[in-house]
Novice: 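Below is a structure I'd like to ask you about.
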Amino acid sequence: MKVIPLSEGTFTIDKSKLFVPFEEDKHELQERPVGSLLVEIQPFVIVTEKDVLLLDTGLGFTNQDGKLQLHQNLLDAGINPDSITKVLLSHLHKDHAGGACIKDKLTSLSSLSFPNAVYYLQQRELDFAFEKGFPSFIPAELTALKDSSNIVLLNDDNGVIDNYIHYQITGAHSPHHQVFWIKENDETIFFGADDAPQLHQMKHRFVAKYDFDGKKATELRKEWKEQGEKEGWTFLFYHDIKHPVYKF
Ligand SMILES: [Zn+2]
C-alpha cells in the first residue's frame with residue numbers, strides 16, 4: 001500500500017482549543033500561551049488495491065482562492081479529490097473532521113467535500129458532536145454527515161469494512177473515538193488518530209489531561225507499540241511534526 005501524508009501545517013493549541021498557525025522561521029514557541037502544544041495536522045491517503053482511502057480530514061482551511069487546502073494537497077500529490085473512494089473518520093473533533101464537508105458561503109448549506117466517497121463514522125460520535133458542540137466540535141460544518149446518502153454510520157464497537165479495514169472503538173481520547181487497521185497482503189497500517197497522535201507518546205508513558213480516559217490511552221499505546229513492533233505495523237501519527245509514518 002502507498003501512504004501519503006497531507007500536512008495542513010504546524011499549529012499551536014492551548015486551553016482555548018483554537019489552532020493557531022506556527023511557522024518555525026517566523027514564530028517563537030515561547031511567545032505562545034503557557035502550556036501550548038505544538039502539533040502537525042495531517043490527514044493521510046492510502047492507495048490500496050481496492051481503494052483510495054482518506055483518513056481524517058484536517059481543519060478544513062481554505063487557501064486564497066477559496067479552495068479547500070486538503071483538495072490542493074491531494075492535487076499536489078497527484079491525486080484527484082474525486083478519486084477518493086472511502087473517507088474514514090476516527091472522531092469528529094474539528095481538527096479531524098473540519099474538511100469532511102464544505103459549507104457554501106452564500107447559502108450556508110453543507111455538502112460532502114468528497115462526493116464520490118463513502119464516509120465511515122460512528123453514529124454515537126455524530127450524536128455526541130451535535131450534543132456537545134463548540135469549541136471541540138463545529139456541528140454547523142457537519143450537517144452533511146447527517147443528511148447525505150453515502151454515509152455509513154457504524155454502530156458496532158468493532159468490525160471489518162470490505163474484509164480489510166478493521167475498526168475498533170477505544171473510548172480513550174474521547175468517548176466514541178475509533179482506530180483503524182488497514183490490512184492488505186502481508187502489510188498492516190495502523191491509524192490510532194488521537195489515541196496515538198505522536199511517536200513521542202508511544203515511546204514515553206504520558207497521561208494526557210485533554211483525553212477523556214488518559215490512562216486507557218496510555219495503556220493502549222503500550223499494547224499497540226508492543227504488538228506493532230512484533231508484527232511490523234506501519235504507524236500513522238496524525239499530529240507528529242517529524243514522523244508522520246513510522247515503523248518500530
Ligand atoms: Zn481529538
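Starting from 1, each residue takes its place in the sequence as its number. Whatever order the structure lists ligands and atoms in, that order sets their numbers, starting from 1.
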Novice: Could you grab the protein N, O or S atoms closer than 2.8 Å to the Zn ion (ligand 1) for me?
Specialist: His91 NE2, His93 ND1, His173 NE2, Asp194 OD2

Novice: Is it true that the NZ or CZ of Lys94 lies under 6.0 Å from the centre of Phe137's six-membered ring and within 45 degrees of the ring axis?
Specialist: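 No.
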
Novice: Given Gln122, which of Gln178, His177, His176 fulfils the side-chain hydrogen bond (donor to acceptor under 3.5 Å, both in side chains) condition?
Specialist: Gln178

Novice: Just jot down the side-chain hydrogen bond (donor to acceptor under 3.5 Å, both in side chains) partners of Ser136, sequence neighbours excluded, or say none.
Specialist: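 So Ser136 forms a side-chain hydrogen bond (donor to acceptor under 3.5 Å, both in side chains) with Lys17.
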
Novice: Which ILVMFWY residues are connected to Tyr246, directly or by a chain of links, through side-chain heavy atoms under 4.5 Å apart?
Specialist: Val179, Trp181, Phe190, Leu199, Met202, Leu220, Trp224, Trp233, Phe235, Phe237, Phe248

Novice: Just wondering, do Thr10 and Leu38 contact through their side chains at under 4.5 Å, heavy atoms?
Specialist: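 The answer is yes, as the side chains (C-beta and beyond) meet within the 4.5 Å cut-off.
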
Novice: For Asn63, check side-chain contact (heavy atoms from CB on, under 4.5 Å) against everything at least two apart and list the hits.
Specialist: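 If we apply the side-chain contact (heavy atoms from CB on, under 4.5 Å) test to Asn63, skipping adjacent residues, the hits are Asp65, Lys67, Gln72.
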
